[in-house]
Amino acid sequence: MRNFRNPNFILFLYVLLLMVACKPEIKQLREGHWLGAFLIPGNEIPFVFEVTGQSPEQTVVYLINGAERFPLKNITYRNDSVMIPVDLYDAVLEGKLTGNSLSGKFRKLNSEKPGEGIPFKAEAGESPRFPVGKEAPTLTLSGTWDIEIGTADKADKTVGFFEQKESYLTGSILTNTGDYRFLEGTVNGKKFQLSAFSGNSPYLVNCELTSDSTFTGEFVTSRHSSKMAGKRNPKAALADPYSFSKLKEGQTTVEFSFPNLAHEQISLSDPKYKGKVVIISILGSWCPNCMDETAFLAPWYKENHARGVEIIGLAFERKNDFEFAKRTLTRLKERFDVQYELLFA
């Protein structure tokens, strides 16, 4: 009991209680649906995410694009600041919380050409990706389309695939080297809008049907806006991949020797690969379509490698630096439980 009569002890208790009472409350992203927008000069590109987790340690952010739900973990809070890492793309969404609003920038990290980042804002609530239109759709976009993006003298020829249910529209635009991800949007009369953001780059399609088989408009990224024109074509298709992806003239075999993540040199001439079918995957941890391919190949390998099939991934990363590549490729390996070799090419 003598301690409670000690002035120094009483002062200590007072200071301790004052520190607890004055400790700032950590602001946290509200659980549920959020609507965000990247602020591009002359445009806003909407994106949608969902927050789960009742404590800061449990918080998970899911980027939503149609049926896709891309999880972002290891969210950190500091006072009113939030850091949402996009590990697989070596990027981050960072911002400040004010009530149920979040504003900040999306930045690519450790790039050889780092930029200032893309400003964004977001608000908690059940707001739709695009404002609900007052006009019912006059035509359907469902089906395949030949699409040109760019000027007439320098246009990228792509293939669009869309599925429309009343005013709700989903789909993707396929290119010879990948796609523009899982697009989601709405149709309002003859006008339609689509957007996507799955952690790499945001995209916006803003077009209008000029007939039942043609449309025009713009395709917007964080860097520029391009003209866009589409023509309905049930037989729309990309180029034959073997026409532009092949061995150089005069070459009959593939040979290489690159380090794996343990810095061991791996070659096709290694005993492990002799007498086996070897699938060579050309990839980058920063590449969305490579991620799609890895998500398919990783479980496929587990089911089929006993049949005499092997896979080697040749990775081309953002930096020509082994330690940097080891970090980025380890994230990819762990996310998809990759059990075949990933080499730093």
Quick one: salt bridge (Lys or Arg N to Asp or Glu O under 4.0 Å) partners of R335, sequence neighbours excluded? none

For a ring pair (Phe, Tyr, Trp, His ring centres under 6.0 Å) with F106, tell me which candidate from F47, Y89, F197 qualifies. F197

Looking at side-chain heavy atoms only, is the closest gap between T144 and F162 below 4.5 Å? no

Is it the case that over 12 heavy atoms from other parts of the model lie below 6.0 angstrom from the NZ atom of K272? yes

With a 4.5 Å cut-off on side-chain heavy atoms, are K108 and N200 touching? yes

Quick one: pull up OG1 in T76 and CD in E57 and give me the separation to the nearest 0.5 Å. 11.0 Å

If we ignore hydrogens and angles and just use 3.5 Å, is the side chain of S211 paired with the main-chain N or O of S213 as donor and acceptor? yes

I'd like to know if R331 pairs up with D90 as an ion pair, taking the criterion as any Lys NZ or Arg NE/NH1/NH2 lying under 4.0 Å from an Asp or Glu carboxylate oxygen. yes

Give the cluster check for F316 versus I280: same hydrophobic cluster or not, with ILVMFWY residues linked at side-chain heavy-atom distances below 4.5 Å. yes

Sorted by chain and residue number, the salt bridge (Lys or Arg N to Asp or Glu O under 4.0 Å) partners of K121 (sequence neighbours excluded) come out as E44

Donor-acceptor contact present, side-chain T158 to main-chain I147, <3.5 Å: yes

Before you tell me yes or no, could you show the steps for E163 and S142 under side-chain hydrogen bond (donor to acceptor under 3.5 Å, both in side chains), namely the whole-Å CA-CA distance, both residues' side-chain angles and the distance that decides it to 0.1 Å? CA-CA 4 Å; E163 184 176 353; S142 293; over 6 Å; no

State which residues pass ring pair (Phe, Tyr, Trp, His ring centres under 6.0 Å) with F70; sequence neighbours excluded, sorted by chain then number. none

I'd like to check F130 versus P46 (side-chain heavy atoms, cut-off strictly below 4.5 Å). Are they in contact? yes

Show me the pairs that pass salt bridge (charged side-chain N to carboxylate O under 4.0 Å, His left out) and involve residues 172-200, at least two apart or across chains. R129-E184, D179-R181, R181-D292

Please assess Q28 against T59 for the test side chain to side chain contact (heavy atoms under 4.5 Å, CB included), listing each intermediate value before the final yes or no. CA-CA 9 Å; Q28 185 177 341; T59 302; 3.6 Å; yes

Check the hydrophobic clustering (I, L, V, M, F, W, Y; side-chain heavy atoms under 4.5 Å; chains of links allowed) and say if L102 and V48 are grouped together. no

Ring pair (Phe, Tyr, Trp, His ring centres under 6.0 Å) filter on Y180, not counting sequence neighbours, yields Y203, F219

Which pair of non-hydrogen atoms, one from G185 and one from L194, has the smallest distance, and what is that distance? N-CD2, 3.5 Å

Test your reading of the model: is there a side-chain donor-acceptor pair from N188 to the backbone of E135, 3.5 Å cut-off? yes

Who passes ring pair (Phe, Tyr, Trp, His ring centres under 6.0 Å) against H263, sequence neighbours left out? F322

Which distance, rounded to the nearest 0.5 Å, do you find between the CD1 of I40 and the OG1 of T221? 7.5 Å

Heavy-atom side-chain proximity of I75 to V82 below 4.5 angstrom: yes

At what distance, to the nearest 0.5 angstrom, does CG of L141 lie from OG1 of T170? 11.0 Å

Residue pair S195 / N65: nearest heavy atoms and the distance that separates them: O-OD1, 4.3 Å

Donor-acceptor pairs are to be reported for all side-chain atoms of residues 92-99 against protein atoms at under 3.5 Å, with residues two or more places apart or in another chain.
from	atom 1	to	atom 2	distance (Å)
E94	OE2	R107	NE	2.5
E94	OE2	R107	NH2	3.2
K96	NZ	S81	OG	3.2

L283 side chain near L342 side chain, heavy-atom distance below 4.5 Å: yes

Can you pull out every salt bridge (charged side-chain N to carboxylate O under 4.0 Å, His left out) where at least one residue sits in residues 295-307? Sequence neighbours excluded, please. K302-D337

Residues two or more places apart in sequence or in another chain: which of them pass salt bridge (Lys or Arg N to Asp or Glu O under 4.0 Å) with E310? K276

Are any non-hydrogen side-chain atoms of N260 and F344 less than 4.5 angstrom apart? no

S226 and E218: side-chain hydrogen bond (donor to acceptor under 3.5 Å, both in side chains), yes or no, with the steps? CA-CA 5 Å; S226 303; E218 63 177 348; over 6 Å; no

Mind checking what makes salt bridge (Lys or Arg N to Asp or Glu O under 4.0 Å) contact with E50, not counting sequence neighbours? R69

Membership question, hydrophobic clusters at under 4.5 Å side-chain separation (ILVMFWY): are F182 and V61 in the same one? no

Decide yes or no on ring pair (Phe, Tyr, Trp, His ring centres under 6.0 Å) for W145 and F161, but give the supporting numbers first. CA-CA 6 Å; W145 298 72; F161 175 79; over 10 Å; no

Should L314 and I266 be regarded as members of a common hydrophobic cluster, given that ILVMFWY residues are connected when their side-chain heavy atoms come within less than 4.5 Å of each other, either directly or indirectly? yes

Any side-chain heavy atom of L261 sitting closer than 4.5 Å to one from L329? yes

Quick check: are there more than 12 heavy atoms from other residues, nucleotides or ligands sitting under 6.0 Å from CH2 of W286? no

Can you tell me how far CG of L183 sits from CD of Q193, rounded to the nearest 0.5 angstrom? 12.5 Å

Verify same cluster id: V220, I173 (apolar side-chain graph, 4.5 Å): no

Considering non-hydrogen atoms only, spot the tightest contact between I282 and C290 and give its length. O-SG, 4.1 Å

dist L169:CG -> Q164:CD (nearest 0.5 Å) comes out at 5.5 Å

Set of ring pair (Phe, Tyr, Trp, His ring centres under 6.0 Å) partners for H305, sequence neighbours left out: Y301

Please report the shortest heavy-atom distance between F192 and E208, naming the atom on each side. CE2-N, 4.3 Å

Which salt bridge (charged side-chain N to carboxylate O under 4.0 Å, His left out) pairs, counting each pair once, include a residue from residues 231-252, with sequence neighbours left out? none

If you take all heavy atoms of Y273 and I312, which pair is closest and at what distance? CZ-CD1, 3.6 Å

So S285 and E317, side-chain hydrogen bond (donor to acceptor under 3.5 Å, both in side chains) or not? Walk me through it. CA-CA 7 Å; S285 65; E317 295 302 285; 2.4 Å; yes

Donor-acceptor check, side chain of S245 to backbone of P241, threshold 3.5 angstrom: yes or no? no

Atom of V278, atom of L268 and distance for their closest heavy-atom approach: CG1-CD2, 3.8 Å

Side chain proximity check, P137 to E166, heavy atoms < 4.5 angstrom: no

